[in-house]
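Below you'll find the structure, written out as C-alpha cells, and then a few comments.
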Amino acid sequence: MSIADNIKNLNAETGRVGVKLVAVSKTKPVEDIEEAYAAGQRIFGENQVQELVEKHEKLPKDIQWHLIGHLQTNKVKYIAPFISLIESVDSLKLLQEINKQALKNARVINCLLQVYIADEDTKFGLGHDELIELLRSDEFRAMENVRIIGLMGIATNTENEKQIKDEFYELKTLFDGIKVSFFRKDDYFKEVSMGMSSDYKLAIEQGSTMVRLGSTIFGQRVIKHWKNN
Ligand SMILES: *Cc1c(COP(=O)(O)O)cnc(C)c1O
C-alpha cells in the first residue's frame, strides 16, 4: 500500500469516530510528506526541532505541525513562530518559556501536558501530582500566551494489551478529572492524544481524540542513532 492509500484509509477509520490523525513523519523525507499532503493530510508530527524547522521551511504553509518529542527550553524560540501544537510539555519551566516566546511572536500557542503513564523510566512526562501542582500554580495562572487544550501520553511498549488498555484508561480518567477541576468552562480543553501504530485501536476504544501514527503510514523507520529513538 502506498502512503496515499494509508492516509486515505486511516483518515476514513479515525474520521468515522471523530478522532484526529497526526501523521508522524520523523526521519522521513520531504517527498513522503508531500505524498501524504497530496492525499489530503494536513497534520504532521515531528520529534526533533531542527528537523521540524527544516521541513517547515520546505513544505506548504497550511500544514499544521505538532511537536511530539521532548523539547529543550533553549529550542522553543525556533518553533514558536509557526508551531500549531506542542504535545509534549513536561514542566512548568518549559511552559513558561513557551509563553514567553509566544508573546514575542504575538501568538497564543496551543499545548498538551504530557503525562507519564508507562511502566518504563525512559519516557518523559509529568506525574499526576506534578500535573496538578502545575495547574494550581500562580505562574501558570498568569500565563496569557499558552492554551492547554488537553493531555498526551505514551503507553508502555509491550505486547500486554491489558496493561496498555489500563494505561490509556488511566489517562482518560485523569483527563476527565482535570477537566472538571480546572477547565470546566473551557471548551478548548478537549484533547486526549494517545495511541501510536501498535496500539491506536486500543487508544480509540479508551477515548482518544488524537492518534499519532508513523510507521503505519510511512513504513518502518531506519534508526539513525539509538539516541534518536
Ligand atoms: C515516533 C512517535 C510516534 C509514532 O510511532 P509509530 O509507532 O511509528 O506510529 C507517536 N508518538 C510519539 C511521541 C513518537 O515519538
Side-chain angles (χ1 to χ4, degrees), residues 1-3 5-11 13-14 19-29 32-33 35-36 41 43-53 55 63-72 75 79 83-91 94 110-126 149-161 163-165 167-168 170-172 175 191-229:
M1 291 254 264
S2 67
I3 292 171
D5 288 334
N6 293 337
I7 287 290
K8 284 182 187 138
N9 293 338
L10 288 163
N11 265 311
E13 183 182 349
T14 54
V19 170
K20 291 189 197 72
L21 173 64
V22 180
V24 176
S25 47
K26 62 189 184 192
T27 79
K28 297 295 177 181
D32 286 9
I33 301 176
E35 185 178 343
Q41 183 65 24
I43 309 177
F44 291 88
E46 290 282 337
N47 70 341
Q48 303 258 336
V49 167
Q50 195 187 334
E51 188 175 342
L52 171 56
V53 168
K55 286 174 173 171
I63 288 181
Q64 299 161 41
W65 292 102
H66 289 196
L67 196 277
I68 60 168
H70 181 64
L71 177 58
Q72 288 170 284
K75 294 195 176 161
I79 60 169
I83 197 76
S84 168
L85 179 63
I86 300 176
E87 296 206 19
S88 43
V89 176
D90 57 4
S91 74
L94 176 59
N110 286 336
C111 297
L112 302 179
L113 296 173
Q114 183 174 352
V115 181
Y116 181 86
I117 53 170
D119 180 21
E120 293 168 2
D121 22 80
T122 50
K123 302 279 197 285
F124 292 99
L126 297 153
I149 67 166
L151 304 180
M152 184 271 246
I154 303 172
T156 304
N157 184 8
T158 173
E159 304 276 291
N160 184 342
E161 291 204 352
Q163 182 178 353
I164 296 172
K165 199 179 129 202
E167 290 172 0
F168 287 149
E170 176 191 324
L171 184 59
K172 175 62 165 62
F175 169 87
E191 305 293 354
V192 187
S193 174
M194 56 187 194
M196 310 179 18
S197 291
S198 60
D199 57 21
Y200 77 93
K201 287 177 201 281
L202 288 172
I204 291 173
E205 278 170 27
Q206 295 305 317
S208 171
T209 67
M210 194 180 273
V211 292
R212 310 175 307 269
L213 306 185
S215 44
T216 300
I217 297 170
F218 297 106
Q220 290 301 321
R221 285 178 297 277
V222 179
I223 299 167
K224 286 186 286 192
H225 187 275
W226 65 270
K227 263 191 171 163
N228 290 339
N229 212 314

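For ligands, and for the atoms within them, numbers begin at 1 and follow the listed sequence. Along the sequence shown, residues carry numbers from 1.
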Numbered atoms of ligand 1 (with element) below 4.0 Å of [X], judged on heavy atoms:
X: Ser197; value: 6 (P), 7 (O), 8 (O), 9 (O)
X: Leu213; value: 9 (O)
X: Ile154; value: 13 (C)
X: Gly214; value: 4 (C), 6 (P), 8 (O), 9 (O)

Aromatic plane relationship, Phe124 with His70 - under 30° parallel, 30 to 60° tilted, over 60° perpendicular: parallel
Nearest heavy atom to atom 2 (C) of ligand 1: which of Lys26, Met196, Arg212 does it belong to? Lys26
Partners passing side chain to side chain donor-acceptor pair (under 3.5 Å) against Thr209 (at least two apart in sequence or in another chain): Glu191
What residues form a side chain to side chain donor-acceptor pair (under 3.5 Å) with Gln50, not counting sequence neighbours? Glu54
Test item: Glu167 side-chain N/O and Thr156 main-chain N/O as donor-acceptor pair under 3.5 Å: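 Judged by distance alone, yes, a pair lies under 3.5 Å.
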Between the main-chain N or O of Gly69 and the side-chain N or O of Ser88, is there a donor-acceptor pair closer than 3.5 Å?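 Pair found, side chain donor or acceptor close to backbone of Gly69.
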Of Lys55, Arg212, Lys26, the residue whose pairing with Glu46 passes salt bridge (Lys or Arg N to Asp or Glu O under 4.0 Å): Lys55
Would you please determine whether Thr216 falls within less than 4.0 Å of ligand 1 on a heavy-atom basis?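 No; Thr216 lies far enough from ligand 1 that no heavy-atom distance drops under 4.0 Å.
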Sub-3.5 Å N/O-N/O distance, Arg221 and ligand 1: yes
